[in-house]
There are 2 protein chains.
Amino acid sequence: MNRKGARATISDVAKAAQTGKTSVSRYLNGELQVLSADLKQRIEHAIAALDYRPSQMARGLKRGRTRLIGLIIADITNPYSVDVLSGIEAACRAQGFTLLVCNTNNEVDQEQHYLQLLSSYQVEGIVVNAVGMREEALGRLQQSLLPMVLIDRKIPDFACDVIGLNNTEAATVATRHLIDQGYRALLFLSEPLGLVNTRQERLEAFVSCARDRHDLITESAEVALTDADQLEQVLLDFYQRHRGEPAAVLVANGALTLQAARALRRLGLNWGEEIGLLGFDELEWAELAGVGITTLKQPTWQIGYAALEQVIRRIEGDNAPVSEQVFSGELIVRGSTTTR
Amino acid sequence: MNRKGARATISDVAKAAQTGKTSVSRYLNGELQVLSADLKQRIEHAIAALDYRPSQMARGLKRGRTRLIGLIIADITNPYSVDVLSGIEAACRAQGFTLLVCNTNNEVDQEQHYLQLLSSYQVEGIVVNAVGMREEALGRLQQSLLPMVLIDRKIPDFACDVIGLNNTEAATVATRHLIDQGYRALLFLSEPLGLVNTRQERLEAFVSCARDRHDLITESAEVALTDADQLEQVLLDFYQRHRGEPAAVLVANGALTLQAARALRRLGLNWGEEIGLLGFDELEWAELAGVGITTLKQPTWQIGYAALEQVIRRIEGDNAPVSEQVFSGELIVRGSTTTR
DNA sequence: CTGTTAGCGCGTTCAC
DNA sequence: GTGAACGCGCTAACAG
């Protein structure tokens, strides 16, 4: 090793192999044809002996390519996000990139903070599963020309590649299923719509399905994920006003489905019997909850994988106009919409 | 901006503020008292105008401190790991570190790969939630003196700080609870023990509790997480052999609890009625599954947070002998062990 | 208080 | 084929 306890550098290797740094560098970068067999041997040997590994820091500094991708996730405890992360991770591995994961905890401030941070680490691209972003930040990102793709939801007035679910199609499939099963009073339950296109699109499709069907009653409600009481209230109210007819709830995402199921449980309402229940996002425990919960499963892993592929395309210079890539969901029917 | 479309550098800022790089550097590092008010103003202005952000790459290269921490996670889809991650993430934020997350997908090869990778990014410390590591890798890590802590499980013959659950205490609490509830035939269900100390300790404590209690029957079984048939077989067999007496299953971790619940469901055995069920690790859906599943909740977030604190202590030069920090679990009683 | 200088570890001309 | 020398963006002496 070298005099200090520190890590071996390219110079140490060069010295040990009795050559210059240039040749070592070439060896590392695969320009093997240019080196004599003997020299190759010596370098290989020296590297092994010193347990040398090139510093990605210095390399990035010099070349301007860090092979780093930043991922900003709003809520790491959300299974949807984790599955997506898993897909992104796989794609990174396949393409030789390393992922810098940042969890914003649903705080807009953190989102800002991490955007800065990632940029200061010279990431080559960013994937965002956002809560919402302030406009200054967006301006900066655009002018910095950092390749970026959004997952799941768009950001208003921000031209950017988006990868996500075909919300209209999926919500239509879900709603039709409920109608086909004979439900006549339908409640669309969502977190506050805000400017979240995902929620809006799902709601719109839901409403569209029921248009011109005067035998149907459709309603919608927005509740905060954290407000258990309000949720209980909304569900109870809906149920009581439609005692006579088959009623069902369509929940806009997995996290809310969990809360809704808890609320129904507390109210003593059994899904599949007193009330229908269908939730967006597959849940690993869906079959274990009572008679099972019907879900609309998203191809989350593929969404993540595709997102990373898109960023890389941009990194490699693709200048095509902003694209939107949507995937189809899959309805998984269980007891909560079939048992009556 | 500067001539190229590239990012502003410290030199650009110095030029714009009509000063040298040093002063800018000082400004950035908070040595504000040393700068004249006027100069401070000019620098502040220039930074804002150029939207300058220091390159952490160059900074790390120079100082040898990257403020980067590597996290190696065996399975990112495991809720336990995610909660831990969440705690680590929070601690990183609080301490000004950035997290590099690597998911090994339970593959030992990937673990190797990422260890190399992290080291090449000059991370200052590593947190590992491992599957198992080859010895060469360990040797390298030790000689490289990279601070490292293990989460949840130890690695045989590898002296390293460990943070995790007090397995003996937790398993004792769980087993006693089952005994107190009147169960007389007890099955400890785990993934293959291998060299995983966590599983071994839990099993040992389970066995200890029943020692000298000749009115109890205790058994244990090891099944692969992916082998649904085998799991079903084991559970059915256990149940049938103990028809006459109250029987309960203690499952060693959350992922396996999910599979066990599915298997019982398929067998038509209702937990809480025909058979008792208690699982390590809290599950968000535990209360929704039938009569509810009793769990032993780990303080996962705190474990993650503490792990990061420990790495940082090492980074800052703490040379105390290898430590082991354990946390207490909490038994959350639900229907699966109380309904009979 | 401020500017000048010398590297950190590496990749890259450009000569030999 | 090979190596010397320069600079990426930044910080840390060392002068003024």
Side-chain angles (χ1 to χ4, degrees), chain A residues 1-43 46-47 50-68 119-124, chain B residues 1-43 46-47 50-68 119-124:
Chain A
M1 230 13 42
N2 75 36
R3 54 220 172 279
K4 299 161 148 198
R7 302 180 34 148
T9 76
I10 199 171
S11 303
D12 298 330
V13 176
K15 217 171 299 167
Q18 308 177 61
T19 175
K21 307 191 293 181
T22 315
S23 300
V24 181
S25 174
R26 287 199 178 116
Y27 176 90
L28 295 172
N29 293 314
E31 300 174 39
L32 299 173
Q33 327 85 342
V34 202
L35 301 172
S36 69
D38 175 52
L39 186 52
K40 239 185 294 188
Q41 287 284 331
R42 297 200 324 263
I43 294 178
I47 289 183
L50 297 170
D51 185 31
Y52 166 74
R53 272 183 306 284
S55 157
Q56 297 296 338
M57 291 287 147
R59 197 178 271 208
L61 186 58
K62 184 65 192 167
R63 284 209 286 216
R65 308 191 334 171
T66 57
R67 304 282 91 175
L68 240 31
S119 153
S120 78
Y121 272 104
Q122 321 276 83
V123 298
E124 296 185 52
Chain B
M1 252 306 102
N2 77 35
R3 55 222 171 279
K4 298 160 148 199
R7 301 179 38 147
T9 77
I10 199 172
S11 302
D12 298 330
V13 175
K15 218 172 299 168
Q18 308 177 61
T19 176
K21 306 192 291 181
T22 313
S23 300
V24 180
S25 175
R26 287 198 179 115
Y27 176 89
L28 295 172
N29 292 318
E31 300 174 40
L32 299 171
Q33 327 85 340
V34 202
L35 300 172
S36 69
D38 175 51
L39 186 52
K40 237 186 295 188
Q41 287 285 328
R42 298 202 321 264
I43 294 178
I47 288 182
L50 297 170
D51 184 31
Y52 166 74
R53 273 184 306 283
S55 156
Q56 297 296 341
M57 291 289 147
R59 197 180 274 210
L61 186 57
K62 180 66 189 167
R63 285 210 284 214
R65 310 190 333 171
T66 56
R67 302 285 92 175
L68 241 30
S119 154
S120 78
Y121 272 104
Q122 320 277 82
V123 297
E124 297 185 52

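Atom CG in B/D12 sits roughly 13 Å away from atom C1' in D/dC10 (whole-Å rounding). Summarising the geometry, the separation between CD on B/Q122 and C1' on C/dC10 is reported as 11 Å, rounded to the nearest angstrom. We find that CZ of B/R65 is positioned 19 Å from P of C/dC8, with the value rounded to whole Å. Atom NZ of B/K21 is separated from atom P of C/dC1 by 24 Å (rounded to the nearest Å). For the pair B/I10 CD1 and C/dT2 P, the interatomic distance rounds to 15 Å; values are reported in whole Å. D/dT11 atom C1' lies 15 Å from atom CZ of B/R67, rounded to whole Å. Atom CD of A/Q41 and atom P of D/dG1 are 17 Å apart (whole Å). Separating the CZ atom of B/R63 from the C1' atom of C/dG9 is a distance of 17 Å, rounded to the nearest angstrom.
Of all the heavy atoms in A/L35 and A/S23, the pair that sits closest is CD1-O, 4.0 Å. In terms of heavy-atom proximity, B/S55 sits nearest to B/A58 at OG-N, 3.1 Å. Nearest heavy atoms, B/I10 versus B/V24: CG1-CG1, 3.6 Å. Closest approach of B/A46 to B/A16, counting heavy atoms only: CB-CB, 3.9 Å. Summarising the geometry of A/D12 relative to A/T9, their closest heavy-atom pair is OD2-N, 2.8 Å, with the distance given to 0.1 Å.
For the contact set between residues 55-62 of chain B and DNA chain D, defined by any heavy atom under 4.0 Å, the members are B/S55, B/A58, B/R59, B/K62. DNA chain D lies under 4.0 Å from at least one heavy atom of each of the following residues of residues 27-40 of chain B: B/N29.
The side-chain hydrogen bond (donor to acceptor under 3.5 Å, both in side chains) search around A/Q122 returns B/R7, not counting sequence neighbours. Residues satisfying the side chain to side chain contact (heavy atoms under 4.5 Å, CB included) criterion with A/T22, sequence neighbours excluded, are A/R26.
Using a 4.0 Å cut-off, no side-chain N or O of B/S11 falls inside it from OP1 or OP2 of D/dC10. For the pair B/T19 and C/dT2, the criterion of a side-chain N or O lying under 4.0 Å from OP1 or OP2 is not met. Contact annotation: A/S23 side-chain N/O to D/dT2 OP1/OP2 distance is not under 4.0 Å.
For the salt bridge (charged side-chain N to carboxylate O under 4.0 Å, His left out) condition, the pairs that include at least one residue of residues 56-68 of chain A, sequence neighbours left out, are A/R67-A/E124. The list of side-chain hydrogen bond (donor to acceptor under 3.5 Å, both in side chains) pairs with a residue in residues 31-41 of chain A, not counting sequence neighbours, reads A/D38-A/R42.
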side-chain contact (heavy atoms from CB on, under 4.5 Å) between A/I47 and A/Y27, worked out: CA-CA 10 Å; A/I47 289 183; A/Y27 176 90; 3.7 Å; yes
side-chain contact (heavy atoms from CB on, under 4.5 Å) assessment of B/Y121 paired with B/T66: CA-CA 8 Å; B/Y121 272 104; B/T66 56; over 6 Å; no
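Inter-axis angle, ends of the helix from C/dC1-D/dG16 to C/dC16-D/dG1, five pairs per end, rounded to 10 degrees: 40°.
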Please tabulate the protein-to-nucleotide N/O contacts below 3.5 Å involving nucleotides 14-16 of chain C, giving atom names and distances.
none

